[in-house]
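In what follows, chains carry the letters A, B, and so on, assigned in the order in which the sequence lines appear, proteins first and then strands, with residues in each chain numbered from 1. Values below: every heavy atom of this structure, side chains too, minus hydrogens, waters and symmetry copies.
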Amino acid sequence: MSHSIDDVHIPNPDFDPTDPHATGQGHHGHHIISAPTLMIVLLLLLFFTALTVGLSRGEVWVQDTFDIILPNWLNIIIAMSISVIKATLVGAYFMGLRFDKALNSIIMLVCLAAVVCFLFFTAIDLGNRDSVSAVRATVPTPGGTGEGLDKTADRFSTALSPRISTNRMPITEFRRTERLNELALKQAEDHGRIEPNDEDKAAGEAEFWRIYYQGYVDKGKHPHRHEHDEHNYFTKLPDHFAHHDDDALEPVSRPDVAGVADSSPNFSFRRTGKTPGLFSEGSEHASDHAAPASDH
Amino acid sequence: MTTAETTHDHHDEGSYLTPKYGVMGTIWDWMTTVDHKKIGVMYLFAVLFMFFLGGVAALAVRLELLEPVRVAADGTITGQLFGPANPESIATGNNIFNRLFTLHGAIMVFMFIIPSVPAALGNFFLPLMLGAKDVAFPRLNLFSWYIYVVGSLFGVFSIILGGVDTGWTFYTPYSTTTDADHWRVLLMVLAAFVLGFSSILTGLNFIVTTHKLRAPGMGWFDMPLFIWAIYATSIIQVLATPVIGITLLLLIFERLFKVGIFDPALGGDPVLYQHFFWFYSHPVVYVMILPGMGIISEILSVHARKHIFGYRAIAFSSLGIAAVSFIVWGHHMFTAMGELASTIFSALTFLVAIPTAIKMFNWIATLYKGSIAINTPMLYALSFLFLFSIGGLTGLPLGALATDLHLHDSYFVVAHFHYTMMGGTVIAFLGGIHHWWPKMFGRMYNERAGMIGCVLVFIGFNLTFMTQFFLGTQGMPRRYASYIDEFQTLHVLSTYGSWILLAGFLVHLFNFIHSLVAGPKAPPNPWGGLTLEWETESPPIEHNFHHEVLVQHGPYDFDTVVPPHCDEREFPLPETPASH
Amino acid sequence: MATIDAPNPDIQATGAQTHPLYWKNRGFAHHFRNADEQFDACKLGMWLFLSTEILLFAGIFCAYAIFRMLYPEAWAAGSHHLDWRFGGLNTVILLLSSWTVASGVRAAQLGNNAALIRNLVITLICAGLFVFIKLYFEYIPKLSAGKAPGTFFSYPYAHDPHEPLWWSIYYIGTGIHALHVLIGAGLLIWVLVRAIRYEAYGPTEYTMVENSALYWHLVDLIWIFLFPLLYLIH
Amino acid sequence: MTMPFSLPLTTLANAVPPVRVLPNNADGFQEIFFRTNGQTDSAVWTDGLFMLTFWFSTFFFVLLMGLLVYWCIIYRRRPGVPQKISPSHNTPLEILWTVVPSSGMLVIFFLGFQGYMDKLVPASGALQLEVTGFKWDWKVSYPDGTQTGQTVTLGGRNDIKVHALPEDTEVSLRLLSNDVIHAFWIPDFRMKMDVFPNRYTGYGFRTPVLGPEDDHPEGRYRDHWVFCAEYCGDLHSEMAAVLRVMPRADYEQWLKDQGSSGDPVIDGKRVYSSMCATCHTVNGAKNIGPSWMNLYGSTREFEDGTSQIADDNYIRESILNPNAKIVKGFQPQMTSYQGVINDTDIANVIAYMKSISEHVEQPAEGEGEGEAPASETDAEGEG
């Protein structure tokens, strides 16, 4: 080896071939987590799982029993705090971060910081749009324009989704219309008619709402209305439903859509928020955006 | 004592370029190699090929813009070049133009500039500069090269199938509805998705290598600044690239299944796509520029034979840029976001300017009292300082809200990011290639030809893109196939500039080929560098170093150390004794 | 100067064996100085990889949070269609499997190959159960009822016009998570095969077990957040 | 969509009274950059901020490049001249060159923020225009429901649609897109905003006061270009329009002229130029969509092999549900015009199509409708 300054050929006195980076740890033994620790952590995790489920069900129970609507954020904060505790337990013990080099924990923290930035700044934009100018502050059509769904060309296409033409309706509205037509047709068939008349349509719609509120009926409860419900759907129910008539609440079978039982046995009435848009004629708003829509 | 004495006991080890097993065997050896140097060289040729493809598209775009075409009967230049299906239709000409600029953008961003410096030069020099024998995971390294090739093939196939007209940003809902009857948009998105994995694995590899494989004696602040830059880059690659992964995955779902997350037809939000996209793509512009900055730090200090000014400031500003890059992505969307978010992002955007300015000042101060050799790498470094400061300073009106609302999506933006991406990264990349060419291939290039090429590139670049600043402020929107008459003069100048640029690149190409074929043999340390890669042979031996490396001086101690393999008479120490 | 004349033990000792892959004969790769350094490097690499996985899921969590903020009614309506009992059962299954994997790492560290195999088998059974419940009790009935993402949505009794978006997030989130369960199971199967065939793991050589286990725990971590977000929060 | 809290941005923007940052004169560098003055108050503000930033940048650029060139010359490597010892860092200096530019940037940010709020929030009681972007044109609706059909040849382009505005008036734009994202850019007003499907955006400005230089032979007006700045597909670069600022009386008259003429053919032709001319020609040439010349009454052959005679119902369907039947050789590119066009206008369009088809017997006089569309500028009698 040639060097211009020969007297630098001094082996570094601190250099230890078995510990080249002078970490001072040498052949450190790997930490073995004891079996009881693992067991305790598992039990803790199961306990927290039960707790978070229990609190969530408890909230439903409080509401059912006392008609107290707990604020939405309570649910979120409790569930997420418990999740964070559980995640910390898994990370610290099962994944061994507690006994590991600090660097690995730092990596996780930096990664979580990036996640927080991502969530936080995106939420700032989408949650706070158009707050200074009334001109911009409305949404033309709840549920979407339906515009891109007009795909009826029967040609080779990469889209694997069903080719439907919703006629600029939101998809939920489109599907509901489909179902209402189906039910009206069925009523007409039952009455020996080919084309459904108004009576069939009304009966079909009544049938529709009966199925719609099946979940409430299955729980053996009256549908609750409270101040959060802007749209009074219950006036759309057949009369005996709307009047809390216990006799009329005969048990009905679960909705049998497409021949398969509904997969949601815990269907309960919705407790929070309002439900706009179900009959708000979204497609007409879309064409009529010239009028200042400011009812939100 | 002399450089001739470099061969000794371990001469059985040949250079990494020495073919060993016959022609087929050598090819097989290269295809299955886990040697970071060979992988680096393979990356180098792959990205240069992609640069060629993207460059051809750019020239075609500039050619089309030579004249403002406005009526169907005119036909368009690209239409005449590529033979439009319906010559009478104005839309066909525009469509070809749209495919060309998308091609240019997608190839240059995903397949050229992101892997250019980190994957090619980084792969070659990161372990060498650290004094390591290889990167931490050599097989993973080869695997990421293959992922890169597969991703690029997807992209090339999508071009062969007819190209994509989404723009490289794939903004929804345009990208989810255009070319609805064809797979090529999916292929291009998939290409970007796959290339992301290559990027992630490379970054991961470099971080672990930097942490674990530094030569004994090399502390964090003994690392060359190129390593710091690559390290910061790798952090961004690891943290940001997964987000583009999920974004492009959602885009694929959107096209295939119409899931609606980014689709207003189903109540989704197209601006959410932009947030997802720019959360990756803004940090990634620092993936593009940071390694270039690293190269500049190396070139300036070696060719000015000068301790870099403010080593720690430059090192920390690399990390600072990496950190800040994650909270400023919104400045790509001032015309799309809400007011509060725009204001916050605008304020944060100016934070990025601070570490960049620090680097700039430090580089200039490095020249003070240096011994400045004017050669090709140094010319490129000086060009970088000139062009990149224009690129950086024109970022200011784009970061300020009131001016951005005018300049957004105009030619001003086009010029701005070409000044940073091309005037920054590509210029630094070219400088780096010249700087390390003797080390990589063991042969010198022709200095005169290199300098002529550099001057041509500098002039051509400025003519091409300086004009576009004025086009932008006067109201020329980007991605326009045709324009109103008033803009023609500037467009013509810009197109002429692109031809000069082409001439400059051709000079370099021939210079490189000549060097490979008939260049004089390079000494191990032609520039008198002090970083570890100059201590081994040119080209390096297969295991990088003959001996276990022990670091005993910093990478820029030109005041106290005569460079390895160099003659003391040619590289004299300063007259005044060093006072440490 | 920067080099010392300490001869490179690799080249001297092994002579012809200069190919980088000869680590198999030595216990660690040629560019590491000892097995510990290699173990640390592999683990560091794995943690970096896990952080990329977290950021991948961050995209889904972000979309969830944004749409939850924009359309709370749709999210409330959507979560009522999920059964907390299936979700809770799957949570318990994943937690159990996490525990068995952690015990498996412990077994490998102690050199107890039989215990390692036992733990891995239980883990794999849990993985199978998880995917089975997901598919058979959740996906199939819901899809048949028309509760599907985007344009596939054909359930006529939606409470809110944005419900298809909820289903999009639900299927993409749980689907990509299920994909990770399968990948993790694949890794564990590989570990299991090597453990059965070669008894490949012991106190000094268990990097593969450790890293596969880390991956599996990550899958568990993601589910710990997905479960309450999808099933419990209304 | 609004968070429970929202920072009082407008208050913040007005916390420091806005100051004019540079005098408003388009000479020197400002002329090189912009050619003309900004045409609204907020545009003048923008120009001022731009020039302030420009001089700020120029100062540092010249300083740095000057040092670079100077040092490269005096410290160039010369044989026999040994290098010099020099400092490797200087903390006070480094702090200085960090803090000074940073404070400059703080000022630039705040001025930019003030100008932004000024542009974004329209004055109350402003003239509100509804702008709908679609592939590839703008539809502008005036408060009384009037839509524009006048076109001119300008800047070397035919068929540029003209939208009139009264001078010296507060205007507020509400923007909505029918298909993909567009952006409504008025370079002279230094303002643009993205236009989204299913989401309103918008901004406001005060139109300029006309001067003596605005007297043209055909009237008194000043034209301002509108460009689409967000890439939107094949004819993205053709998606231009002109805002024509004119005296209020002329504006009222112009608005009146845009109403129905009583003749369905003329009205149909106006609808054609305002909504259809981007993709359909009337001279037989093929564009994005089929030409209308001789279309009515002809037999249309479709991609799926079927065919049909183009009658009223077919045309109505093609407008409202364009992708139901795709004519052979064309792409399903057109978006539905349901909600964009009303029934009267559809009838007018059909009348116009009849008038340019040889499959329909033309009235005896024949209004010479077959001529090229380029001469269409005369239709509205300028201004």
Side-chain angles (χ1 to χ4, degrees), chain B residues 68 70 72 86 88-89 91 94-95 167 171 173-174 264 270 305 307 309-310 313 335-336 339-340 343 346-347 350 353-354 357-358 361 364 367-373 385-386 389 393 396-397 400-403 405-406 409 470 473-475 477 479-482 484-485 559 572 574-576, chain D residues 7 9 33-35 45-46 49-50 53 57 61 64-65 67-68 71-72 75-77 82-86 88-89 94 97-98 101-102 105 108-109 112-113 115-116 119-120 155-157 180-181 183 185 187 190-194 197-198 227 229-232 234-237 285-288:
Chain B
R70 57 246 171 206
N86 306 304
E88 74 273 23
S89 167
N94 284 1
N95 195 292
Y171 269 17
Y174 187 75
R305 207 179 302 159
H307 193 292
F309 192 89
T335 57
E339 301 77 15
L340 180 63
T343 308
S346 170
F350 285 98
I354 296 170
I358 290 175
F361 288 122
I364 301 280
L367 295 174
Y368 174 63
K369 282 192 178 177
S371 167
I372 300 168
L385 295 181
F386 184 89
S389 38
L393 290 167
L396 295 178
L401 284 164
T403 36
L405 289 184
H406 176 54
D409 268 341
F470 303 111
T473 45
Q474 290 174 11
R479 297 174 169 182
Y480 261 31
S482 58
I484 57 175
D485 289 344
D559 291 347
E575 280 161 341
T576 324
Chain D
L7 288 182
L9 287 181
F33 274 115
F34 295 105
R35 279 201 308 218
W45 171 278
T46 305
L49 177 58
F50 184 90
T53 318
S57 308
F61 184 73
L64 288 178
M65 291 307 118
L67 284 176
L68 182 145
W71 283 341
C72 277
Y75 297 126
R76 70 185 181 278
R77 189 175 296 177
Q83 64 187 95
K84 301 174 181 63
I85 294 285
S86 64
S88 68
H89 68 97
E94 290 179 50
W97 72 38
T98 307
S102 307
M105 286 168 207
I108 293 174
F109 156 71
F113 168 58
Y116 170 76
K119 284 175 174 178
L120 209 65
R157 294 190 176 204
V180 298
I181 306 176
W185 183 18
R190 312 279 188 261
M191 182 60 191
K192 75 166 68 65
M193 190 54 68
D194 282 6
N198 210 28
F227 294 124
E230 184 69 58
Y231 172 66
C232 59
D234 286 356
L235 297 191
H236 168 53
S237 49
K286 186 179 173 180
N287 202 339
I288 306 274

Find the distance between [atom1] ([X]) and [atom2] ([Y]) and round it off to the nearest 0.5 Å.
{"X": "D/Y75", "Y": "B/S371", "atom1": "OH", "atom2": "OG", "result": "12.0 Å"}
{"X": "B/I358", "Y": "D/S102", "atom1": "CD1", "atom2": "OG", "result": "7.5 Å"}
{"X": "D/F50", "Y": "B/T473", "atom1": "CZ", "atom2": "OG1", "result": "5.5 Å"}
{"X": "B/I364", "Y": "D/W97", "atom1": "CD1", "atom2": "CH2", "result": "9.5 Å"}
{"X": "B/T335", "Y": "D/M191", "atom1": "OG1", "atom2": "CE", "result": "8.5 Å"}

Grab the two heavy atoms, one from [X] and one from [Y], that are nearest each other, plus how far apart they are.
{"X": "D/F33", "Y": "B/Q474", "result": "O-CG, 3.1 Å"}
{"X": "D/A229", "Y": "B/P477", "result": "CA-CB, 4.3 Å"}
{"X": "D/I85", "Y": "B/K369", "result": "O-CD, 3.7 Å"}
{"X": "D/E230", "Y": "B/D409", "result": "OE1-OD2, 3.1 Å"}
{"X": "B/P173", "Y": "D/I181", "result": "CD-CG1, 3.8 Å"}
{"X": "D/G112", "Y": "B/A400", "result": "CA-CB, 4.3 Å"}

key: Flag for D/D234-B/N94: side-chain donor and acceptor within less than 3.5 Å   =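 Short answer, no.
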Highest number of heavy-atom pairs under 4.5 Å with chain D: which of [options]?
{"options": "B/P572, B/A373, B/S389", "answer": "B/A373"}
{"options": "B/T343, B/L385, B/I354", "answer": "B/T343"}
{"options": "B/A347, B/A481, B/G167, B/P270", "answer": "B/A347"}

ask   = Just by distance, do the side chain of D/K119 and the backbone of B/A402 share a donor-acceptor pair under 3.5 Å?
value =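 Yes; at least one donor-acceptor contact below 3.5 Å.
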query = Is the side chain of D/K192 donor-acceptor paired with the backbone N or O of B/H406 at a distance under 3.5 Å, no angle test?
reply =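 Present.
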Could you tell me if the side chain of [Y] sits less than 4.5 Å from the side chain of [X], heavy atoms only?
{"X": "B/T403", "Y": "D/T53", "result": "no"}
{"X": "B/L367", "Y": "D/L68", "result": "yes"}
{"X": "B/F361", "Y": "D/E94", "result": "no"}

key: Segment of D/P101 engaging chain B (4.5 angstrom heavy-atom cut-off)   =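 Just its side chain gets close to chain B.
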Are the ring centres of [X] and [Y] closer than 6.0 Å?
{"X": "B/Y171", "Y": "D/Y231", "answer": "no"}
{"X": "B/Y480", "Y": "D/H236", "answer": "yes"}
{"X": "D/F34", "Y": "B/F470", "answer": "no"}

Using non-hydrogen atoms only, which part of [X] is less than 4.5 Å away from chain D: side chain, backbone, both, or neither?
{"X": "B/P397", "answer": "both"}
{"X": "B/H307", "answer": "side chain"}
{"X": "B/A357", "answer": "neither"}

inquiry  = Going by the rule salt bridge (Lys or Arg N to Asp or Glu O under 4.0 Å), which residues pair with D/D194 if we only count those two or more places apart in sequence or in a different chain?
reply    =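 D/D194 satisfies salt bridge (Lys or Arg N to Asp or Glu O under 4.0 Å) with no other residue.
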message = Between B/L405 and D/R190, does the side-chain contact (heavy atoms from CB on, under 4.5 Å) criterion hold? Intermediate values first, please.
response = CA-CA 7 Å; B/L405 289 184; D/R190 312 279 188 261; over 6 Å; no
message = I need the residue from D/C232, D/G115, D/S86, D/S88 with the largest number of non-hydrogen atom pairs under 4.5 Å to chain B.
response =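 Option with the greatest count: D/S88.
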